[in-house]
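Below is one structure, written out as structure tokens; the observations come after it.
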Amino acid sequence: MKKDYYHQIFELVCQIPEGRVTNYGAIADALALGSARTVGYALSQSHQIAPLIPAHRVVNRKGELSGRHHFNPPERMAQLLEAEGVQIKNHTVQDFDARFWSPLEGKTD
DNA sequence: CCTATGACGCCGG
DNA sequence: GCCGGCGCCATAG
């Protein structure tokens, strides 16, 4: 498959622990994609390629739910996060620094 | 081939 | 610490 980076991104997103979140840049850096935009683009397609991955655990560097409009309905992203214990305020993850999970942290190479 | 756009992020003012 | 600008890479037209 040419778009193999899709698979890498989806695999990594699936490794995000429940109740934790990460950002696009961290994923791009962990997979050496070189661009956080690529991660966002892949996730935008994720719903039709791999609808079961926890894409709601990926937010931007500010902790904002920038991709909420790609959910159905949009508020479902915050809903899923709150269900995992992540508090959302004004479409933003509260205590983002503590909730942040680094992909490299999970690998522990 | 070139231009525009996007679930982004860093840098300089 | 907010704002504007630029870089980044993949896909669409």
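Just so it is clear: chains get the letters A, B, ... in the order the sequence lines come, proteins before strands, and each one is counted from 1.
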Remember a base hit wins even if backbone is also touched, and classify Ser44(A) as base, sugar-phosphate or nothing at under 4.0 Å, heavy atoms. base

Length of the line joining His56(A):NE2 and dA7(B):P, which is rounded to integer Å: 19 Å

If I take atom OH in residue Tyr41(A) and atom P in nucleotide dA10(C), what distance separates them, rounded to the nearest angstrom? 12 Å

Calculate the interatomic distance between Leu43(A) atom CG and dG9(B) atom P; express it in whole Å. 11 Å

To the nearest angstrom, how far is Ile49(A) atom CD1 from dA10(C) atom P? 15 Å

Whole-Å distance between dA7(B) P and Tyr6(A) OH? 13 Å

What's the closest nucleotide to the Ser35(A) side chain, out of dC9(C), dT11(C), dA7(B)? dC9(C)

Take Gly34(A) and Gln45(A), find for each the nucleotide of DNA chain C with the closest heavy atom, and name the residue whose nucleotide sits nearer the 5' end. Gly34(A)

Can you check whether Thr22(A) reaches Val13(A) side chain to side chain, under 4.5 Å on heavy atoms? no

Report the distance from atom CD1 of Ile9(A) to atom P of dA10(C), rounded to the nearest whole Å. 10 Å

dT11(C), OP1 or OP2 - any side-chain N/O from Tyr5(A) closer than 4.0 Å? yes

Spell out yes or no: do the side chain of Tyr24(A) and the base of dA7(B) have one donor N/O and one acceptor N/O closer than 3.5 Å? yes

Nearest whole angstrom, please: distance from the P of dC9(C) to the CG of Asp4(A). 18 Å

Counting any heavy atom closer than 4.0 Å, what does Ala55(A) reach on the DNA or RNA strands: base, sugar-phosphate only, or nothing? base

Counting C-beta onward and ignoring hydrogens, is there a side-chain heavy-atom pair between Glu84(A) and Arg57(A) closer than 4.5 Å? yes

Both Arg61(A) and Thr38(A) contact DNA chain C. Taking the nearest nucleotide for each, which residue is further toward the 5' end? Arg61(A)

Looking at CD of Gln8(A) and CD1 of Ile27(A), how far apart are the two atoms once the value is rounded to the nearest 0.5 Å? 12.0 Å

With the side chain counted from C-beta on, respond yes when Phe96(A) and Val59(A) share a heavy-atom pair under 4.5 Å apart, and no when they do not. yes

In whole angstroms, how far is the P atom of dC3(C) from the NZ atom of Lys62(A)? 9 Å

Answer yes or no: is there a side-chain heavy-atom contact under 4.5 Å between Ile53(A) and Leu43(A)? yes

